[in-house]
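In what follows, a single structure is set out as structure tokens and then discussed.
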Amino acid sequence: DGSKMSKSKGNVVNPWTVFKEHGADATRWYMYTAGPPGNSRRFSNALVGEVVRRFLNTLWNTYSFFVTYANLSEWRMASGEEESATRYSQPANNNLLDQWLNSELNRLVRDVTAAYEEYDVLGATRPVADFVDSLSNWYVRLNRRRFWDGDPAALSTLHHALVTVSKLLAPATPFVADELYQNLVSGVDASAPDSVHLAQWPTVDESAIDEQLSADMALAQKVTTLGRAARESANLKVRQPLQQVVVRTRSAEEKVGLERMADTLLVELNVKELAFADGAGELVDVQVHPLPKQLGQKFGRGFPVVRQALAGMDQSELAARFSAGEAVTVEVDGTTYEVAPEDVEVRSNPRAGFSVAEDGGYLVAVTTELTPELVLEGQAREVVRRVQQLRKDAGLDISDRIRLHLAESPLLRAMLAEHGGYVTDEVLAVETVWTEGKLPADRVEFDLDGEMVALGVTKR
């Protein structure tokens, strides 16, 4: 609650309780990232637990993900390659996501190394947490298909990122860092140092840093966030494919950058096409509403004429000027009035067929019309999600093949007629069984677009 930690006040935390529940490394990481050294900070068992949930668990889950798919595809690093300073400076192919991750990793090494040289504890730790978040929630998520296919370039890129992170973490979280390093490197390469604390500090390959690619990917992430907000406002689930996303950027250069990221953007937003709008008027109807209180006090009897003059102007152009923070001069009957952005309210309504989100000059719209083909594809994705959850609940291994049991349903029949191959490939079903009788023990019944359907799984 912000009170001073004091034994005389009885306001203390037993460190051994924190270590026992969360570990010493979690405690260190909280102290390093909570604020600048020397500043007062709050401390509690719960705050250290938040570090575990947000950072350490994310890191460990990413590591576990890598191990699962590396073992599944029997991928192995070559002896001695991890200690090579330039081995992974560039990915072995032209995959943009691999290039982006290697660029971000080299930027991270550069910045964290400089921070340690300057005894900047926040600069040496917080960027690592940001990188791990992007690694897990962007790179890994967008490359799941490649990992499932055992793509060596994706596995090598992720492996190198995890090992490099373990080295950057070594001064701050020595136990977790060493566990990662020994599992990923020294445990499989007898020529490698026994411990991360004996390994070489990572070196920077400046040629691998692509600032434009970083900017393009950051913009793609922002557009993705706005696109999801637009879907949510129209109550369109992420698993439901949509026909088009339309983006208004702030410059022609940004448009080129998004075109470069088109494949990533379409997958993330689950849409078929990317298009661009030159102005907000193509997507929204905009109207500028003068605020009576402000303008009445400012112009007195001149307020009605100012309101009428603003109503007669191009609303899209007017809104753009106010949104940019620009004052607008209105001249009526020889009298000049200056209207500031805070004197008006800019209201926008999406045009029919669009759901829109905007922020910082960017506007992203998704089409809301669902064709029968899009609906069927959305149903297929929902069925896949349900079956994958059934597999997990049944304790099946990720590579186990199954029989997919389906209760008779015209809706399921129609969906599988179009997307049966996709469904069976995704859930590893080697056989599809239709039944009007009893489903197996591992089964689920759910509402699929207004119709109750049921299905079950058995291990093949």
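- Although no hydrogens or angles enter the test, the distance criterion places no donor-acceptor pair under 3.5 Å between the side chain of His22 and the main chain of Thr27.
- Taking every heavy atom of both residues into account, Val271 and Arg231 meet most closely at CG1-NH1, 4.4 Å.
- Note on Lys222 versus Glu254: no salt bridge recorded, every NZ/NE/NH1/NH2 to OD/OE distance being 4.0 Å or above.
- Residues Glu232 and Arg228 are not paired through a salt bridge, judged by the lack of any N-O separation under 4.0 Å between the basic side chain and the carboxylate.
- In this model, a donor atom of one side chain and an acceptor atom of the other lie less than 3.5 Å apart for Ser195 and Asp178.
- To the nearest 0.5 Å, atoms CG (Asp130) and CD (Glu104) are separated by 10.5 Å.
- Formation of a donor-acceptor pair under 3.5 Å by the Thr367 side chain with backbone atoms of Gln244 is found in this model.
- In summary, Arg146 and Asp149 do not engage in a salt bridge, as defined by a charged side-chain N under 4.0 Å from a carboxylate O.
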Report task. Apply side chain to side chain donor-acceptor pair (under 3.5 Å) to the pair Ser233 and Ser355, showing each step before the final yes or no. Result -> CA-CA 7 Å; Ser233 67; Ser355 178; 2.7 Å; yes
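- Under a 3.5 Å cut-off, the side chain of Arg391 and the backbone N or O of Val427 do form a donor-acceptor pair.
- Once rounded to the nearest 0.5 Å, the distance linking CD of Glu358 with CG of Leu226 reads 9.0 Å.
- The 12-atom threshold is not exceeded at CZ of Arg54, counting heavy atoms of other residues, nucleotides or ligands nearer than 6.0 Å.
- Enclosure of atom CD in Glu345 by more than 12 non-hydrogen atoms of other residues, nucleotides or ligands within 6.0 angstrom is indicated.
- Surrounding CZ of Phe175 are at most 12 heavy atoms belonging to other residues, nucleotides or ligands under 6.0 Å away.
- No donor-acceptor pair closer than 3.5 Å links the side chain of Asp442 to the backbone N or O of Leu390.
- Partners of Val267 according to the side chain to side chain contact (heavy atoms under 4.5 Å, CB included) rule, which considers only residues two or more places apart in sequence or in another chain, are Leu142.
- A donor-acceptor distance shorter than 3.5 angstrom exists from the side chain of Arg41 to the backbone of Pro36, with no hydrogens or angles considered.
- Within 6.0 Å of CG in Asp447 there are more than 12 heavy atoms belonging to other residues, nucleotides or ligands.
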Query raised in the report: Can you list the steps and then say if Glu179 with Trp60 is a side-chain contact (heavy atoms from CB on, under 4.5 Å)?
Result: CA-CA 10 Å; Glu179 183 78 3; Trp60 198 262; 3.4 Å; yes
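- At distances below 3.5 Å, not a single donor-acceptor pair connects side-chain atoms of Asp210 with backbone N or O atoms of Ser103.
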Query raised in the report: After noting the C-alpha distance and the side-chain angles of Gln379 and Asp449, does the key distance pass the side chain to side chain donor-acceptor pair (under 3.5 Å) rule?
Result: CA-CA 8 Å; Gln379 292 169 350; Asp449 287 343; 2.9 Å; yes
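- In this view, Thr432 and Leu406, Thr424, Trp434 satisfy the side chain to side chain contact (heavy atoms under 4.5 Å, CB included) rule, not counting sequence neighbours.
- Electrostatic pairing of Arg110 and Glu211 counts as a salt bridge here, judged by a charged N lying under 4.0 Å from a carboxylate O.
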